[in-house]
There are 4 protein chains.
Amino acid sequence: MTNTKQLNIGMVGYGFMARAHSHAWSSVAHFFDTGYRPVLKAVAARNVSKVRKFADAWGYESVEPDWQALIARKDIDAIDICVPNDLHAEIAIAAAKAGKMVLTEKPLARTAAEAQPMVDAVEAAGVPNMVWYNYRRVPAVTLIHDIVASGRLGKIFHYRAKFLQDWTISPDVPQGGQGTWRLDVDAAGSGVTGDLLAHCLDTALWINGSISSLSAMTETFVKERKHAETGAAQAVGIDDAAAVLTRFANGSLGTFESTRYARGHKAAYTLEINGEKGSLAWDLHDLNRVQFFDHSVEGQLRGWTNILVTDGEHPYLGKWWVPGLIIGYEHSFTHQVADFLEGLKSGKPASPTFREALETSRVCDAIIASGKSGQWVTL
Amino acid sequence: MTNTKQLNIGMVGYGFMARAHSHAWSSVAHFFDTGYRPVLKAVAARNVSKVRKFADAWGYESVEPDWQALIARKDIDAIDICVPNDLHAEIAIAAAKAGKMVLTEKPLARTAAEAQPMVDAVEAAGVPNMVWYNYRRVPAVTLIHDIVASGRLGKIFHYRAKFLQDWTISPDVPQGGQGTWRLDVDAAGSGVTGDLLAHCLDTALWINGSISSLSAMTETFVKERKHAETGAAQAVGIDDAAAVLTRFANGSLGTFESTRYARGHKAAYTLEINGEKGSLAWDLHDLNRVQFFDHSVEGQLRGWTNILVTDGEHPYLGKWWVPGLIIGYEHSFTHQVADFLEGLKSGKPASPTFREALETSRVCDAIIASGKSGQWVTL
Amino acid sequence: MTNTKQLNIGMVGYGFMARAHSHAWSSVAHFFDTGYRPVLKAVAARNVSKVRKFADAWGYESVEPDWQALIARKDIDAIDICVPNDLHAEIAIAAAKAGKMVLTEKPLARTAAEAQPMVDAVEAAGVPNMVWYNYRRVPAVTLIHDIVASGRLGKIFHYRAKFLQDWTISPDVPQGGQGTWRLDVDAAGSGVTGDLLAHCLDTALWINGSISSLSAMTETFVKERKHAETGAAQAVGIDDAAAVLTRFANGSLGTFESTRYARGHKAAYTLEINGEKGSLAWDLHDLNRVQFFDHSVEGQLRGWTNILVTDGEHPYLGKWWVPGLIIGYEHSFTHQVADFLEGLKSGKPASPTFREALETSRVCDAIIASGKSGQWVTL
Amino acid sequence: MTNTKQLNIGMVGYGFMARAHSHAWSSVAHFFDTGYRPVLKAVAARNVSKVRKFADAWGYESVEPDWQALIARKDIDAIDICVPNDLHAEIAIAAAKAGKMVLTEKPLARTAAEAQPMVDAVEAAGVPNMVWYNYRRVPAVTLIHDIVASGRLGKIFHYRAKFLQDWTISPDVPQGGQGTWRLDVDAAGSGVTGDLLAHCLDTALWINGSISSLSAMTETFVKERKHAETGAAQAVGIDDAAAVLTRFANGSLGTFESTRYARGHKAAYTLEINGEKGSLAWDLHDLNRVQFFDHSVEGQLRGWTNILVTDGEHPYLGKWWVPGLIIGYEHSFTHQVADFLEGLKSGKPASPTFREALETSRVCDAIIASGKSGQWVTL
């Protein structure tokens, strides 16, 4: 590994996503030989004691009191943004201007309008950039993408995806603040649309191409919540649930749904695609499995094949264990880092770039708009 | 059984549904002691050799050359209509006027407008009437209904149902004629909406109450097919696929989808309902199972319970075998006959009556209308 | 149906199995055109009121006070024995001597020694005979048999089967008497071995050939139970659970297990066979499904295919409904009757004949013997 | 983290298991605050280029040419043995004598006779010691252990476990050498018994207590293989498959099976335990799930509950992500390291210690002996 280059990471934030990203940066070189070795150089956040504790646990070499200080450092190669959505744009644009590589947790920003200058900034600066739509890198999802791309399903008729959770059913869950900013429309931009549907849409656009029009229904079941820090009652501005009918450019029909009010579902992202010659399905709760119906099999033996995606010939799996031994959620981030590093080496950027992720933001905006207007929206 | 009354059945038609109904009429008394013994008295159809063969196989005592002759017979108590949808209204109205009990295969008619006079006729005549929405009588579905009705799920947030098939993907499937009249809009009234979604809607209205508004997307993937008998190329008038967003009167959101272009799905009617305190789900392909998530269970042990609905205390099951031994599709018809006969005895009509089924037709009409207009429809 | 022959059935017994058999006899001609029409001519049992009620429900034309009277009737073609195991031999031998066709519920008798004269009697009389090992006629099981017989799995390495129940866990369940004679060793001959393992063994011998040696462990968890009728405490003589290691003549290894103490399992008969080129599995609780692993599929797409055995090209299914609509437990009996009638027509007896079923009894005897001795038994 | 102690790890070996252990050592402090920070200090192996590459990928600070040199280093606190089974004893004993903590990959040694001096050595030296039976630390398995230990299942009747693989079906797979030493009886001690059944037995002894007697069937399907390095044909000395009947000290019956000839199964370790009041089951391929049947639930709603073991209140899960996001195979090693470190802190050794793992070796020896003798063996 004498030829590996060191890549110094500057992390912004120390929450749930910062942990997932840090794990990916710190373990990728154990499994993937990309020619780069990420180093956890510094982490920035305003809460001194929390960021210090985070830095100690993960072995960050230093801490900074704010993202401006982090960006100002000469020894940082890449800025990784793991803070609420309303902060993405400012930080990313500043980082790009400083010539840093920029990675941001999804969604790119609260709206497409807010995201557009981010795209402009990274492209103007010519810096590598990526949005962490990690589910593309679940091996089962990558396998589905590759099978569809091979044409094996023939003409596509249907695409359907759902992302169901149940953690906000109680009206006692507060909004705003550190653990619950996703319920605060000012911080998040939207509710389940930007948080959950955005994942479904990113995958769908990748696998099934662009969406040409849509009609959405959105709902806010709990109209008022207390603020997590102030305790003040506030109107809820986010969408608690969203369901969408779509037409794809390839002529297929799509249905999408997301909610945090589906009791019994924790992170139930499921997708299915039906083509003339076959169908494919996946469920995040069983993330190592693909369901495949191959119509070309002889009649008596046709059925849905449950593919346990753990063999060396499956995407990414040759780097892990042996057949039958499953991997988990965080591996998708490790794969994304591996692809990002491969992209640095090859000069072919890992997707989704800011530009690619902007399209997902546009669809999210259309969903919110249609939910309000009751009209079909053409994209 | 000295006290059992004989109920003479007059069947119209000899196709797939006539077989399912005949099985129910002929076997119900073996398992259910309702006080009635149905007798397969006569079957009417124009194709003499086919109806004769059908009558022999099932033990019908006689055949009639047309439904008019059947209705004219004094010894027939109940007319059971198993012919294409466009014939339901005329036969049912005539039967009611002749004072016969009337049962018709679903949907009630091609449209609500066509169905309304049927409702009027049976009510004017005061004759027992029922529409064969048989899936209500799958024990698992009945169990779901009963649990929801008990209030155990609390406030309902979501209802979703799909009915997926794949048998019309090939453009070589003809339309019109005996086996494929469901593809002929003149005979069927609509495509998947009246054939498949109607089942989903009947169940949903029964379990979750009325639908107040909806927005639909419909599509005809194959635009032209040959007629099964003439071979002439014809425009396809039915909806091949339909997806619907609904708002229920109880404040919950619904999503419905049906298609005959979902490769790998044969008769995949699935439903799920999410409430504050729990969720329930069912799949026709595993019709003896209910999935139940009970949020009241202690945290570490919570999950989806797979209830094998074969115990004596489950709906209808005490009449069949022993725990663990499953029943199949046709049993739902047997249960429906049992309930119809119980209704005769008790004077409390078995549901859905013509009037109840009319509501499903209204929702179907709204789906077709919204699919065309692109607008939300208020019911 | 002018060419169909009438076959007059004389039933002995009116319990659970008599219901299943009667359903098969009464409905087979509705679905299968075998050239025979079974007629429920008479049923015999000593309990006058119960047998009368049973006859009324099922439409038996007459009742007889005992099996001797039934056998004496000239108008009975076939005797169907649905009484406890200790009565099989005497009735079957008498029926054979009277020139009747003889069908008996499984197992053939309490022991192979008791069964041998039954075989001798039907063969001496030259009368058609069959034992109701119905699970062979579950379409999924038939499909597995046919795939294995085609050689598609290659060399076989493993066969494993279990039949798990949980209904005798409570020491309060009595033994003896009408509903619980299966717990009385005098009536049943053995416990789970003859009742449940016998099914597993019949299927295994059919699919995987003969067993050459075995070692068994048997256990009686509840040592004493009250008699159902007298209330007297009695020692329990049956095996509550049995587990068996076997070597098949084809070189494969077998494991078998049966118990009535596996909480949560109602009638969980499962089997699996592993060959060089593929594997097959089945579960009675999902009786319409076969799991198939086909090693010849390309690596990335290999997996266990869940075959929904409801298509017209699957065994027996062409006679029932349409793809996706499942059938249940009792259909296996209807199929067995259909095969029996086909055998009458073709002269090729439907299996298992008494002689074939005798082999299963021999293996059962070896299990009980090995469970007592702790030694391997060579068959 | 100023109070954390550094623990210097010396790894012996660089193969599959060395990777899994290294991942655990290097990531445990990111998630578990045990007061210790493991440091990958040195790795020893004879193949210079391979060990160097391994050290680079994982960040080991140095390499040693053999385990003797590693043990001789003063700066190493713990020796982790990840080499073939025949080398465990010598290394472990030397490490113990040198006062090092000793951890060895399972099984402890090739036989109990070989393992006993290892137990003696670590106990004489008073050094912390542990065997990597990692599956105990799968959260679902830990949950099962805890539920059983709570008495919630009541009296236990049955325990069954299987570990099925299919990677040695081809006679072309060689034996001996680096990747295939598990097929060489001299290196491995036994075949599936020590490699796979040992895992099942470790879990069973932990959950269900000691085994009092057993009867086994073992088989070698492929009698001769080429040596991986020399190419010379050699007799195969290992057991390719083993099936075992056991009686546990608590009166329950056990069945165990393991094979590398079960086509379609990759690492299919499954277990189930049936008690008077409930049952529990688990499958390594779905390692985040527990199946639980709770007989205390009201009758209509009873069933097998599929518990997705990803909530914060589940064992170990509070340290990972959020509900619904699964973890994988390697996490079990991280948990084992966390428990080992907790044991250092608390002085209560993490299980299984060498002494505890010796019991598993004894049962393995009894299986091999019974497989040869055909006799029951009392333990």
Side-chain angles (χ1 to χ4, degrees), chain C residues 153-158 160 162 164 166 169-171 213-219 221 240-247 251-257 259-266 272-281 285 291-295 302-305 370-371 373-376, chain D residues 153-158 160 162 164 166 169-171 213-219 221 240-247 251-257 259-266 272-281 285 291-295 302-305 370-371 373-376:
Chain C
L153 299 195
K155 177 175 167 51
I156 304 300
F157 296 114
H158 293 284
R160 59 186 74 84
K162 296 194 298 283
L164 309 182
D166 70 357
I169 290 177
S170 168
S213 62
L214 64 82
S215 172
M217 165 173 69
T218 54
E219 180 64 84
F221 288 115
D240 282 343
V244 193
L245 308 175
T246 73
R247 290 181 180 274
S252 63
L253 308 182
T255 60
F256 293 85
E257 186 187 0
T259 180
R260 292 179 185 139
Y261 288 73
R263 186 60 82 191
H265 297 288
K266 301 306 169 188
E272 177 171 339
I273 183 164
N274 304 132
E276 185 184 0
K277 302 175 188 169
S279 292
L280 289 156
H285 284 184
Q291 307 290 332
F292 177 37
F293 185 91
D294 181 356
H295 189 62
R302 256 181 230 142
W304 285 85
T305 298
S370 176
S373 71
Q375 301 297 313
W376 278 79
Chain D
L153 299 196
K155 177 175 167 51
I156 304 300
F157 295 115
H158 293 285
R160 58 185 77 83
K162 295 195 299 280
L164 308 182
D166 69 358
I169 291 177
S170 167
S213 62
L214 64 83
S215 172
M217 165 174 69
T218 55
E219 179 64 83
F221 287 117
D240 281 343
V244 193
L245 309 175
T246 73
R247 290 182 180 273
S252 62
L253 307 182
T255 60
F256 293 85
E257 187 188 359
T259 180
R260 294 179 184 138
Y261 288 73
R263 187 59 84 192
H265 297 288
K266 302 305 169 187
E272 177 170 338
I273 184 165
N274 304 132
E276 186 185 358
K277 302 175 189 170
S279 291
L280 289 157
H285 284 185
Q291 307 291 333
F292 177 38
F293 185 91
D294 181 356
H295 190 62
R302 256 181 231 143
W304 285 84
T305 298
S370 175
S373 71
Q375 301 297 314
W376 278 79

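Here is how names work: the chains are called A, B, and so on, in the same order as the sequence lines, proteins then strands, and each is numbered from 1.
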Check your understanding: Which one of C:R302, C:K277, C:H265 has the most heavy-atom pairs closer than 4.5 Å to chain D?
Key -> C:H265

Exercise for review: Find out whether D:T305 and D:D294 are in side-chain contact, i.e. whether some heavy atom of one side chain is under 4.5 Å from a heavy atom of the other.
Suggested key: no

Check your understanding: Could you state the interatomic distance from CG (C:L153) to CD1 (C:I273), rounded to the nearest 0.5 Å?
Key -> 6.0 Å

Review point. Hey, what do you get for NE2 (D:H285) to NZ (D:K266), rounding to the nearest 0.5 Å?
Key: 8.5 Å

Point to revise | Most contacts with chain D, counted as non-hydrogen pairs under 4.5 angstrom, among C:F157, C:F293, C:W304 | key: C:F157

Exercise for review: Could you look at C:Q291 and say if it's the side chain, the backbone, both or neither that has a heavy atom under 4.5 Å from chain D?
Suggested key: neither

**Study point:** Salt-bridge contact C:D166-C:R260 (side-chain N to carboxylate O under 4.0 Å)
**Key:** no

Point to revise | Region of D:L164 that comes under 4.5 Å of a non-hydrogen atom in chain C | key: side chain

Practice item. With a 4.5 Å cut-off on heavy-atom pairs, point out which of D:S279, D:G251, D:S170, D:G303 contacts chain C the most. Key: D:S279

Practice item. Return the option, out of D:K155, D:Q375, D:H158, with the maximum number of heavy-atom pairs under 4.5 Å with chain C. Key: D:H158

Check your understanding: Any side-chain heavy atom of D:V244 within less than 4.5 Å of one from D:T255?
Key -> no

Practice item. May I ask you to decide if C:E276's main-chain N or O and D:R263's side chain share a donor-acceptor pair within less than 3.5 Å? Key: yes

Review point. What part of D:F221 is in contact with chain C, defined as an atom under 4.5 angstrom from a non-hydrogen atom: side chain, backbone, both or neither?
Key: side chain

**Study point:** Which atoms of C:T246 approach chain D - backbone, side chain, both or neither, heavy atom under 4.5 Å
**Key:** backbone

Check your understanding: Using non-hydrogen atoms only, which part of D:T218 is less than 4.5 Å away from chain C: side chain, backbone, both, or neither?
Key -> backbone

Point to revise | Greatest number of heavy atom pairs closer than 4.5 Å to chain D - which of C:L253, C:T259, C:I169 | key: C:L253

Practice item. Go through the atoms of D:E257 and report whether side chain, backbone, both or neither lie under 4.5 Å from a heavy atom of chain C. Key: side chain

Study note, to complete from the structure: Whatever's closer than 4.5 Å to a heavy atom in chain C on D:S215 counts as both

Exercise for review: Output the distance between atom OG (D:S373) and atom CH2 (C:W376), rounded to the nearest 0.5 Å.
Suggested key: 11.0 Å

Revision key, fill the gap. Honestly, the part of D:R160 sitting under 4.5 Å from a heavy atom of chain C is side chain

